[in-house]
Participant: 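If you scroll down you'll find the structure; I have some questions about it.
For clarity, every value in this text was computed on a predicted model and none was experimentally measured.
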Amino acid sequence: MNFINQHIKLFTLVALSSGIFSTCAQTKAPVNASIQKQSSNPGKIVPLNLKWSERMMLSEMHRFPEAWMLDFSKTPKWTYPTAIVLDGAEKLYAKTGKKEYYNYISQFGEKLIQEDGTIITYDLDKYNIDMLNSGNVLLYLYEKEKKEKYLKALQTLRLQIDGQPRTKEGSFWHKKIYPYQVWLDGLYMGMPFYTHYTHDFVKGADAAKAYDDILLQFDSVQEHLLDKKTGLLYHAWDESKKEAWADKETGLSQNFWGRAMGWYGMAMVDVLDYLPKDHPGRPKLISYIKSYTDAIIKVQDKNSGLWYQVLNKAGEKGNYTEATASSMFVYTIIKSVNNGYLPKSYKTYAKKGYDGIIKNLITVDENGVVNLNKCCAVAGLGGKPYRDGSYEYYINEEIRSNDAKGTGPFILASLEFEK
């Protein structure tokens with residue numbers, strides 16, 4: 001038996017050194033070892049001498065060794081927050097060439113998309129617009145790897161757009177279970193993917209029709225959700241005016257939720273990445289960014305540079321400066337300045353917000369791992385238990401650290417400042 005055991009041990013050593021078991025090892029997320037090895041600061045998991053974009057990205061990879069975990073998921077699940085952090089990983093890979101960033105993205109695709117193109121946990125029949133956002137990751141991976149399974153998955157997601165229920169004028173419902181409801185969140189969840197997919201796969205008259213449809217979504221939101229007095233946009237609008245949270249005359253929800261406005265800003269600047277330069281709706285979308293930014297600047301906290309959970313109620317009891325919305329606003333403004341959508345003078349507001357995040361919401365552990373604190377975990381309307389959209393509802397939702405809906409925009413904003 002000793003002779004056999006010795007041979008088994010010998011085979012194992014040879015196999016490990018030759019890489020026979022490397023595929024198994026990869027599924028256990030080799031990222032941490034990679035982070036540890038590259039650290040130039042003794043005892044630091046995340047080196048302190050890197051820029052904030054990489055420090056936060058490496059911290060996320062340390063906390064969530066596989067990308068499907070980014071939404072605090074216990075098992076692989078098709079969700080939307082993952083894609084925001086992976087957008088940062090794509091840009092960091094392009095900037096640095098560090099393979100661990102690419103591997104982190106690639107492992108997500110391998111895990112979530114089966115060989116026949118089936119997307120794990122995704123259900124087309126739910127017509128949930130949130131589910132389109134991670135399609136952006138597949139657009140990236142298909143461009144890089146040309147795997148048939150990614151193309152099939154992308155075609156499935158594009159099929160959802162064709163069947164997504166709409167209001168009378170053509171604005172997408174947020175979900176099939178929320179009839180006649182348009183949420184600001186949905187513009188970010190669906191429109192960058194819709195635009196990017198059209199850019200990559202659709203030509204001629206069909207492409208023109210799709211781009212017009214995308215602009216219609218923003219036009220409809222500006223018409224129905226905009227408060228002309230403040231320039232802010234309400235979280236949601238119920239065309240039927242039947243929902244308990246909706247005003248019986250306007251169909252609008254009651255409050256200006258920070259992250260809803262954050263989603264909307266990111267939607268506009270990210271759609272412009274793929275909307276043709278000569279599209280007639282482009283100047284109008286840029287004008288929406290200008291009026292949007294002017295409105296959020298007015299509710300930016302003068303001392304900290306941050307934004308509140310309920311935007312226009314800074315002094316009210318229980319309201320707090322919130323990390324995800326603040327990161328999204330900073331990203332939207334600085335990207336708009338860098339791309340020429342806003343005058344350079346607006347960079348001051350972005351910088352004040354960015355510095356405010358680092359000073360007030362960022363903490364760094366002894367091992368160098370970076371945390372983003374005071375993130376609203378989730379907020380919505382309706383459902384069970386019922387979310388009524390009141391001020392008390394928004395300020396009492398769970399607050400947590402390192403939510404991808406904040407860390408992702410923080411990475412993206414950092415990259416814009418590092419250009």
Side-chain angles (χ1 to χ4, degrees), residues 80 82-95 105 109 129-146 150-151 153-162 164 170-172 184-222 262-289 292 328 331-342 408-409 411-413 415-416 419:
Y80 65 87
T82 309
I84 315 169
V85 175
L86 293 186
D87 187 8
E90 290 170 22
K91 290 175 171 63
L92 276 168
Y93 175 60
K95 180 183 176 182
I105 307 163
I129 208 163
D130 288 342
M131 295 301 109
L132 297 178
N133 189 46
S134 284
N136 292 307
V137 184
L138 302 186
L139 285 163
Y140 175 79
L141 288 174
Y142 182 69
E143 183 188 323
K144 294 290 186 187
E145 300 177 6
K146 292 290 184 280
Y150 294 144
L151 181 59
L154 284 165
Q155 289 166 343
T156 300
L157 293 171
R158 180 59 184 81
L159 207 59
Q160 180 181 323
I161 293 172
D162 290 338
Q164 192 77 19
S171 198
F172 292 123
L184 281 185
D185 318 30
L187 277 290
Y188 178 78
M189 299 306 155
M191 294 314 103
F193 170 76
Y194 191 2
T195 316
H196 191 170
Y197 184 98
T198 302
H199 175 274
D200 286 5
F201 293 108
V202 188
K203 299 287 181 275
D206 287 341
K209 186 180 174 185
Y211 291 132
D212 288 348
D213 189 30
I214 290 157
L215 263 296
L216 170 69
Q217 307 305 313
F218 291 96
D219 291 344
S220 179
V221 159
Q222 290 290 136
W263 289 131
Y264 188 56
M266 288 176 66
M268 290 189 285
V269 293
D270 286 1
V271 158
L272 285 167
D273 288 345
Y274 295 99
L275 189 70
K277 295 281 189 284
D278 60 351
H279 191 278
R282 195 175 172 90
K284 184 166 55 174
L285 196 55
I286 292 170
S287 77
Y288 293 161
I289 291 174
Y292 165 97
M328 289 175 177
Y331 168 64
T332 299
I333 299 171
I334 188 60
K335 183 174 179 178
S336 295
V337 170
N338 286 348
N339 289 356
Y341 311 144
L342 288 173
I411 293 166
L412 294 169
L415 284 162
E416 291 292 332
K419 283 182 176 178

Participant: Kindly indicate, with the supporting measurements, whether the criterion side chain to side chain contact (heavy atoms under 4.5 Å, CB included) is fulfilled by Phe193 and Leu139.
Facilitator: CA-CA 8 Å; Phe193 170 76; Leu139 285 163; 3.7 Å; yes
Participant: In Å and rounded to the nearest 0.5 Å, what is the CD1 to CG distance from Ile105 to Leu138?
Facilitator: 11.5 Å
Participant: Which pair of heavy atoms, one from Pro192 and one from Val271, lies closest together, and at what distance?
Facilitator: N-CG2, 3.7 Å
Participant: Using modelled atom types and a 3.5 Å cut-off, is there a donor and acceptor pairing between side-chain atoms of Thr195 and backbone atoms of Met191?
Facilitator: yes
Participant: Under the side-chain hydrogen bond (donor to acceptor under 3.5 Å, both in side chains) rule, collect the residues that match up with Asp278, sequence neighbours excluded.
Facilitator: none
Participant: Applying salt bridge (Lys or Arg N to Asp or Glu O under 4.0 Å) as the test, list every pair that has at least one member in residues 192-217; sequence neighbours left out.
Facilitator: Arg166-Asp213
Participant: List the steps and the verdict of side chain to side chain contact (heavy atoms under 4.5 Å, CB included) for Tyr264 and Gln222.
Facilitator: CA-CA 11 Å; Tyr264 188 56; Gln222 290 290 136; 2.8 Å; yes
Participant: Which heavy-atom pair separates Leu157 from Leu132 by the least distance, and what is that distance?
Facilitator: O-CD2, 3.4 Å
Participant: Counting C-beta onward and ignoring hydrogens, is there a side-chain heavy-atom pair between Leu184 and Trp263 closer than 4.5 Å?
Facilitator: no
Participant: Are Asp219 and Lys284 close enough that some pair of their side-chain heavy atoms sits under 4.5 Å apart?
Facilitator: yes
Participant: Using 0.5 Å steps for rounding, measure from the CG atom of Leu187 to the CD1 atom of Ile129.
Facilitator: 8.0 Å
Participant: Using every non-hydrogen atom in the two residues, find where Arg282 and Pro276 come nearest and quote the distance to one decimal.
Facilitator: CD-O, 3.6 Å
Participant: If only side-chain N and O atoms count, and only distance matters, is there a donor-acceptor pair under 3.5 Å linking Asn136 with Asn133?
Facilitator: yes
Participant: Give the C-alpha distance, both sets of side-chain angles, the deciding distance and a yes or no for side chain to side chain contact (heavy atoms under 4.5 Å, CB included) between Tyr197 and Gln155.
Facilitator: CA-CA 9 Å; Tyr197 184 98; Gln155 289 166 343; 3.9 Å; yes
Participant: Just verifying a value: how many Å separate Glu416 CD and Lys91 NZ, rounded to the nearest 0.5 Å?
Facilitator: 8.0 Å
Participant: Is the shortest heavy-atom distance from the side chain of Glu143 to the side chain of Tyr150 under 4.5 Å?
Facilitator: no
Participant: Taking the cut-offs as 6.0 angstrom to the six-membered ring centre and 45 degrees off its axis, would you call Lys95 and Tyr93 a cation-pi pair?
Facilitator: no
Participant: With a 4.5 Å cut-off on side-chain heavy atoms, are Leu151 and Phe201 touching?
Facilitator: yes
Participant: Take the angle between the ring planes of His196 and His199 and call it parallel below 30°, perpendicular above 60°, tilted in between.
Facilitator: perpendicular
Participant: Using modelled atom types only, decide if a donor and an acceptor are shared between the side chain of Gln217 and the backbone of Phe172 within a distance under 3.5 Å.
Facilitator: yes
Participant: Rounded to the nearest 0.5 Å, what's the gap from OH on Tyr80 to CG on Asp185? Could you check?
Facilitator: 7.0 Å
Participant: If you compare all heavy atoms of Val202 against all heavy atoms of Ala207, which two are closest, and at what distance to 0.1 Å?
Facilitator: CG1-N, 3.4 Å
Participant: Check whether any side-chain heavy atom of Leu215 sits under 4.5 Å from a side-chain heavy atom of His279, and report yes or no.
Facilitator: yes
Participant: Can you tell me which residue among Ile334, Asp87, Val85 is in a side-chain contact (heavy atoms from CB on, under 4.5 Å) with Leu412?
Facilitator: Asp87
Participant: Less than 4.5 Å apart, any side-chain heavy atom of Tyr188 and any of Ile84?
Facilitator: yes
Participant: Can you find a pair of side-chain heavy atoms, one from Asn339 and one from Val269, that are under 4.5 Å apart?
Facilitator: no
Participant: Hey, do the aromatic rings of Tyr288 and Tyr292 have their centres closer than 6.0 Å?
Facilitator: no
Participant: Evaluate side chain to side chain contact (heavy atoms under 4.5 Å, CB included) for Asp270 paired with Lys335, printing each intermediate quantity in order.
Facilitator: CA-CA 9 Å; Asp270 286 1; Lys335 183 174 179 178; 2.9 Å; yes
Participant: Please examine the side chains of Thr332 and Met268, heavy atoms only from C-beta on, and report whether any two atoms are closer than 4.5 Å.
Facilitator: no
